[in-house]
Amino acid sequence: MTFISQLLAETESVCPVCLQTLAAQRVLEGDDIYLCKRCPEHGEFKTIVWRGFETYQRWEARGSRAATPPVTETAIKHGCPHDCGICPDHRQHSCCVLLEVTQRCNLRCPVCFASAGGENDDPSLTEIDGWLDRLRAHGSTVNIQLSGGEPTVRDDLPAIVRRIRARGFDFVQVNTNGIRLAKEASYAHSLADAGLDCAFLQFDGVSDETYQRIRGARLLEIKRQAIRRCAEAGLAVVLVPTLVPGVNIDEIGAIVDFALARVPAVRTVHFQPISYFGRYPVPPADADRFTLPEVMVEIERQTAGRVRVADFGPGTSENVFCSFAGKFEVADDGSLRSARQAAAGCCSSSPSQGGCGCGKPVGDEDGPRSRRIVARQWAANARQPLVSTPADAGLASFDAFLAARGHSFSISGMAFQDAWNLDLERLRECFIHVVSPDRRVIPFCAYNLTSVSGESLYRRPACAEA
């Protein structure tokens with residue numbers, strides 16, 4: 001069948017080979033949306049970015065929620081994405097800011113955003129204090145995510161959490177594979193006592209085969225134990241699956257059921273379709289891509305309609321095509337109820353909502369509200385055990401969630417961008433940022449961007465595939 005291309009929007013992107021800024025178009029072919037661009041030196045590139053025109057139209061109808069950042073510190077010289085730091089061309093506040101506290105790791109994952117596993121020296125506490133002071137100088141207490149590498153390889157991680165809290169940041173989470181949480185009985189308690197709110201737990205599936213293929217190790221029991229330790233310590237958990245076509249797409253429903261069996265310790269499942277960073281001899285094929293509407297369709301299919309595509313909506317702060325989110329509550333009659341009126345996203349995956357829900361743009365007074373909403377949803381309500389269902393409950397456990405009355409549960413997702421599908425309209429409205437070693441605040445997808453040969457604009461050394 002031959003499809004006639006329909007131009008949907010003009011935008012900008014980069015060449016995957018040389019990373020120069022290029023004119024680009026979003027184009028409809030059949031039911032699919034592609035990003036098309038041409039480099040004068042390296043030729044044409046066409047990448048699938050969205051499968052499903054109906055949801056594209058529904059997401060687009062939300063419109064932009066751009067807002068002026070309170071502080072910009074980099075002059076515009078070469079144009080987006082070459083002047084990050086943040087430059088005056090950026091159009092969104094910081095909501096979640098990542099601090100990469102180490103490049104060391106206790107795994108060697110084939111799939112990784114960062115070039116983890118190196119022997120570079122960890123940033124000192126003084127350096128981390130400088131990052132935090134720079135963020136405080138911006139005039140807002142953003143949500144902080146400690147990342148890496150694997151942050152828990154630092155023995156002083158509780159001390160870092162305390163320093164963040166002492167500077168007035170009121171939500172702190174750690175991005176972790178869970179190994180140390182699982183193996184050290186008191187470790188989750190030490191982090192909770194220091195003021196940590198949430199474990200952003202790498203969780204790719206419910207089978208050891210999946211972990212072997214994506215992470216290079218059989219980790220399912222480690223994940224189970226890490227969740228149990230967090231529940232005992234009163235730490236909330238967000239499960240974060242990286243979705244890889246041909247590997248774990250058919251486990252989406254089982255992941256949701258696994259999470260529901262562990263409410264209220266597990267607050268959210270946040271799906272992240274794989275993006276492609278690092279060295280690639282050939283561009284990833286369209287079959288290597290799994291887009292956000294496909295995630296939502298699979299959630300509905302694999303939960304037999306208990307969760308529906310209609311239960312989800314776009315975020316209210318980040319660019320409309322970055323994410324989806326749905327919040328769910330248990331009604332008085334015991335049925336599952338979607339809280340669509342409150343649904344929206346924040347911090348790379350807000351499980352609930354950004355903004356106030358009134359429909360007005362997230363401006364100077366609304367950015368903090370988005371951060372507070374995320375903190376309320378992701379953090380534990382009190383420092384007490386969060387176990388309400390057996391930790392070894394089976395996967396067909398939706399009823400266990402329904403029995404956990406009074407608790408909310410969220411499902412969300414975010415599609416990160418690489419050199420092939422980077423849309424600068426999205427990047428300019430990014431509110432997930434990374435503090436670079438030289439204290440610049442850089443949008444996440446720009447910080448991790450690499451050319452086909454692995455060259456990076458901002459990250460040093462160049463990152464591995466993710």
Side-chain angles (χ1 to χ4, degrees), residues 31-32 48-52 54-55 107 109-113 177-178 200-224 226-227 237-263 266 268-276 284-312 323-326 328 336 349 351 391-401 409-416 421 465-466:
D31 201 39
D32 298 334
I48 188 78
V49 294
W50 196 274
R51 290 185 172 105
E54 187 276 331
T55 51
L107 283 177
C109 301
V111 173
C112 180
F113 278 129
N177 58 33
F200 202 66
L201 180 66
Q202 173 197 97
F203 192 91
D204 299 318
V206 295
S207 67
D208 272 327
E209 291 73 18
T210 290
Y211 289 103
Q212 187 68 53
R213 292 182 66 179
I214 297 179
R215 304 298 170 186
R218 301 173 70 84
L219 297 171
L220 182 57
E221 185 52 39
I222 288 287
K223 307 298 182 179
R224 292 176 183 270
I227 295 168
V237 178
V238 174
L239 301 186
V240 189
T242 296
L243 296 178
V244 183
V247 178
N248 63 342
I249 302 304
D250 60 354
E251 293 186 57
I252 288 173
I255 291 169
V256 171
D257 280 338
F258 182 98
L260 291 173
R262 289 154 179 83
V263 170
V266 175
T268 298
V269 177
H270 171 55
F271 293 103
Q272 296 180 345
I274 188 171
S275 298
Y276 294 91
D286 286 345
D288 298 324
R289 301 281 182 181
F290 197 64
T291 66
L292 290 182
E294 292 175 282
V295 180
M296 292 182 280
V297 167
E298 283 300 309
I299 292 171
E300 178 171 319
R301 187 183 70 82
Q302 294 184 33
T303 62
R306 297 169 298 182
V307 180
R308 303 169 301 149
V309 174
D311 295 333
F312 298 110
S323 67
F324 71 83
F328 304 89
L336 187 69
S349 56
D392 59 350
L395 298 179
S397 54
F398 203 80
D399 289 343
F401 168 57
F409 176 78
S410 298
I411 303 172
S412 58
M414 174 158 280
F416 294 108
N421 63 11
E465 61 264 36

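The figures that follow rest on heavy atoms only: side chains count, while hydrogens, waters and symmetry mates do not.
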Enquirer: Nearest 0.5 Å, please: how far is OG in Ser410 from CZ in Phe312?
Expert: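 These two atoms lie 9.5 Å from each other.
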Enquirer: Please name the residue in the list Val269, Ile411, Ile299 that meets the side chain to side chain contact (heavy atoms under 4.5 Å, CB included) test with Ile252.
Expert: Ile299
Enquirer: What pair of heavy atoms forms the shortest contact from Asp204 to Ile214, and how long is it?
Expert: OD2-CG2, 3.6 Å
Enquirer: Which pair of non-hydrogen atoms, one from Leu107 and one from Ala217, has the smallest distance, and what is that distance?
Expert: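 Scanning both residues, the minimum pair turns out to be CD2-CB, 4.2 Å.
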Enquirer: Take Ile255 and Gln302 through the side-chain contact (heavy atoms from CB on, under 4.5 Å) test and state the conclusion after the steps.
Expert: CA-CA 10 Å; Ile255 291 169; Gln302 294 184 33; over 6 Å; no
Enquirer: If the condition is salt bridge (Lys or Arg N to Asp or Glu O under 4.0 Å), which residues does Glu294 pass it with, not counting sequence neighbours?
Expert: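 Checked Glu294 against salt bridge (Lys or Arg N to Asp or Glu O under 4.0 Å); matches are Arg51.
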Enquirer: Report yes if some heavy atom in the side chain of Val237 is under 4.5 Å from a heavy atom in the side chain of Lys223; otherwise report no.
Expert: no
Enquirer: Search all heavy atoms of Phe290 against all heavy atoms of Pro273 and return the closest pair with its distance.
Expert: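 Reported closest heavy-atom pair: O-CB, 3.0 Å.
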Enquirer: Closest heavy-atom contact between Ser412 and Thr268?
Expert: OG-CG2, 3.8 Å
Enquirer: Ignoring hydrogens, what is the shortest heavy-atom contact between Ala254 and Val206? Give both atom names and the distance.
Expert: CB-CG2, 3.7 Å
Enquirer: Supply the atom-to-atom distance Glu298 CD to Leu243 CG, rounded to the nearest 0.5 angstrom.
Expert: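 Reported to 0.5 Å precision, the distance equals 10.0 Å.
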Enquirer: Once rounded to the nearest 0.5 Å, what's the spacing between atom CG of Leu219 and atom CZ of Arg224?
Expert: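 Going from CG on Leu219 over to CZ on Arg224, the span is 13.0 Å.
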Enquirer: Among Asn421, Thr55, Asp31, which one satisfies side chain to side chain contact (heavy atoms under 4.5 Å, CB included) with Trp50?
Expert: Thr55
Enquirer: Taking all non-hydrogen atoms of both residues into account, name the closest pair between Gly246 and Arg213 and its distance.
Expert: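 Minimum heavy-atom separation between Gly246 and Arg213: O-NH1, 3.4 Å.
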Enquirer: Looking at CZ of Phe416 and OH of Tyr276, how far apart are the two atoms once the value is rounded to the nearest 0.5 Å?
Expert: 15.0 Å
Enquirer: Answer whether the closest heavy-atom distance between the side chains of Val309 and Phe324 falls below 4.5 Å.
Expert: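 Val309 vs Phe324: side chains apart.
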Enquirer: With rounding to the nearest 0.5 Å, note down the distance linking CG in Leu220 to OG1 in Thr210.
Expert: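 Atom-to-atom, Leu220:CG and Thr210:OG1 are 9.0 Å apart.
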Enquirer: Decide side-chain contact (heavy atoms from CB on, under 4.5 Å) for Arg306 and Glu300; before the verdict, give the C-alpha distance in whole Å, the side-chain angles of both, and the deciding distance to 0.1 Å.
Expert: CA-CA 7 Å; Arg306 297 169 298 182; Glu300 178 171 319; over 6 Å; no
Enquirer: Going through the checks in order, is the side-chain contact (heavy atoms from CB on, under 4.5 Å) test met by Ile227 and Leu239?
Expert: CA-CA 9 Å; Ile227 295 168; Leu239 301 186; 3.9 Å; yes
Enquirer: What pairs with Asp250 under side chain to side chain contact (heavy atoms under 4.5 Å, CB included), at least two apart in sequence or on another chain?
Expert: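 For Asp250 there are no side chain to side chain contact (heavy atoms under 4.5 Å, CB included) partners, ignoring immediate neighbours.
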Enquirer: Whether the side chain of Arg262 engages the backbone of Phe258 through a donor-acceptor N/O pair (distance < 3.5 Å, no angle test) should be reported.
Expert: yes
Enquirer: Can you classify the ring geometry of Phe200 versus His270 as parallel (below 30°), tilted (30 to 60°) or perpendicular (above 60°)?
Expert: tilted
Enquirer: Is the shortest side-chain N to carboxylate O distance from Asp311 to Arg308 below 4.0 Å?
Expert: yes
